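Worksheet: one structure, shown below.
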Amino acid sequence: MKESFEFALMVIKYAELLDEKRKYIIAKQLVRSGTSVGANIKEAQNAESKADFVHKLKVSLKEADETEYWLFLCENLENYPNPEGLIDKLNGIIKMLNKIISTTKNNIRT
């Protein structure tokens, strides 16, 4: 998914900004979870079954939720750069993942 790749690039750039401000701990967590969203989506594209596809997308969704948490922290902490655009971009990805998971689950049942 193109959006998740673009999001990963944005996360890396934001984490570099955090590193410049010596906010290493959150930067590391954010890069780990933020880039994992797209990596798990990519892995889902080679799933062995529809159930495996859904499982891998659910893992991606969990990583997206964790990333959202780190971004909310950054947004609300003093002396942290505002994660402008990252939360909106992530919300779009979360909505897409939920829709794909829901549609695929419905197709498995029918």
Side-chain angles (χ1 to χ4, degrees):
M1 176 185 324
K2 178 182 166 192
E3 291 84 1
S4 63
F5 183 77
E6 290 171 356
F7 178 75
L9 294 175
M10 291 171 67
V11 164
I12 291 167
K13 289 177 184 174
Y14 180 70
E16 288 172 350
L17 183 58
L18 290 175
D19 278 344
E20 288 173 14
K21 298 198 176 282
R22 303 173 61 94
K23 311 295 185 191
Y24 305 117
I25 295 169
I26 289 183
K28 182 179 177 179
Q29 292 293 333
L30 193 54
V31 167
R32 189 195 56 74
S33 64
T35 57
S36 184
V37 174
N40 282 295
I41 291 170
K42 184 73 174 164
E43 190 175 335
Q45 292 172 344
N46 293 310
E48 296 176 16
S49 65
K50 285 185 180 182
D52 186 38
F53 177 75
V54 168
H55 172 73
K56 286 176 177 20
L57 288 185
K58 282 184 174 183
V59 171
S60 184
L61 190 55
K62 287 180 182 183
E63 293 294 336
D65 286 341
E66 180 183 342
T67 302
E68 184 179 50
Y69 175 78
W70 296 119
L71 291 173
F72 283 158
L73 281 177
C74 291
E75 185 178 51
N76 290 282
L77 284 166
E78 288 184 33
N79 301 319
Y80 274 69
N82 191 325
E84 295 177 44
L86 282 168
I87 294 171
D88 290 337
K89 183 87 166 171
L90 182 59
N91 284 334
I93 292 168
I94 289 170
K95 285 179 185 175
M96 271 195 279
L97 284 170
N98 279 318
K99 181 69 175 165
I100 293 167
I101 290 167
S102 174
T103 301
T104 305
K105 280 179 155 182
N106 286 337
N107 289 339
I108 291 172
R109 290 184 197 124
T110 57

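Only this structure's heavy atoms are used, side chains among them; waters, hydrogens and symmetry mates stay out. Everything quoted here is computed from the prediction, not taken from an experiment.
We find the NZ-OG1 distance between K58 and T104 to be 11.0 Å, quoted to the nearest 0.5 Å. With rounding to the nearest 0.5 Å, the separation of CG in L73 from CD1 in I25 is 12.0 Å. Atom-to-atom distance recorded for M10:CE and L86:CG is 4.5 Å, nearest 0.5 angstrom. To the nearest 0.5 angstrom, E66 atom CD is 4.0 Å from R32 atom CZ. Taking CD of Q29 as the start and OH of Y69 as the end, the distance is 10.5 Å to the nearest 0.5 Å. How far OG of S4 is from NZ of K42: 9.5 Å, rounded to the nearest 0.5 Å.
V37 and F5 fall into different hydrophobic clusters, defined by Ile, Leu, Val, Met, Phe, Trp and Tyr side-chain heavy atoms under 4.5 Å apart, directly or through other members. No single ILVMFWY cluster, assembled from side-chain heavy atoms under 4.5 Å apart, contains both I108 and V59. A continuous path of hydrophobic side-chain contacts links I87 to I26 [ILVMFWY only; heavy atoms under 4.5 Å]. The hydrophobic clustering, which links ILVMFWY residues whose side-chain heavy atoms are closer than 4.5 Å, places L9 and V11 apart. There is a path of hydrophobic side-chain contacts, each under 4.5 Å, that joins I100 to I93.
Across every non-hydrogen atom of G34 and T67, the tightest pair is N-OG1, 3.2 Å. Across all their heavy atoms, D52 and A47 have their closest contact at OD2-CA, 3.4 Å. Minimum interatomic distance between L90 and A64 (heavy atoms only, all atoms of both residues): CD2-O, 3.5 Å. Closest heavy-atom contact between A15 and A27: O-CB, 3.7 Å.
More than 12 heavy atoms of other residues, nucleotides or ligands lie within 6.0 Å of OH in Y24, so this atom counts as buried by the packing criterion. Counting heavy-atom neighbours within 6.0 Å of Y80 OH, excluding the residue itself, gives a total above 12. Counting non-hydrogen atoms of other residues, nucleotides and ligands closer than 6.0 Å to CD of Q45 gives a total above 12.
Without hydrogens or angle criteria, S102 side chain to N98 main chain gives no donor-acceptor distance under 3.5 Å. In this structure, the side chain of Y14 does not engage the main chain of N82 through any donor-acceptor pair within 3.5 Å. Listed for the T35 side chain is no donor-acceptor partner under 3.5 Å among the backbone atoms of A8.
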(request) Using the side-chain contact (heavy atoms from CB on, under 4.5 Å) rule, take I101 and L61 through it: C-alpha gap first, then chi angles, then the decisive distance, then the call. (result) CA-CA 10 Å; I101 290 167; L61 190 55; 4.1 Å; yes
(message) Using side-chain contact (heavy atoms from CB on, under 4.5 Å), reason through N40 and K56 one step at a time and then give a plain yes or no.
(response) CA-CA 6 Å; N40 282 295; K56 286 176 177 20; 5.7 Å; no
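Using a 4.0 Å cut-off between a side-chain N of Lys or Arg and a carboxylate O of Asp or Glu, K23 and D19 do not qualify as a salt bridge. A salt bridge links E6 to K2: at least one charged side-chain nitrogen sits closer than 4.0 Å to a carboxylate oxygen. The existence of a salt bridge linking E3 and K89 is excluded, since no basic side-chain nitrogen approaches an acidic carboxylate oxygen closer than 4.0 Å.
For the pair N107/K50, a side-chain contact is recorded, criterion being any heavy-atom separation below 4.5 Å from C-beta on.
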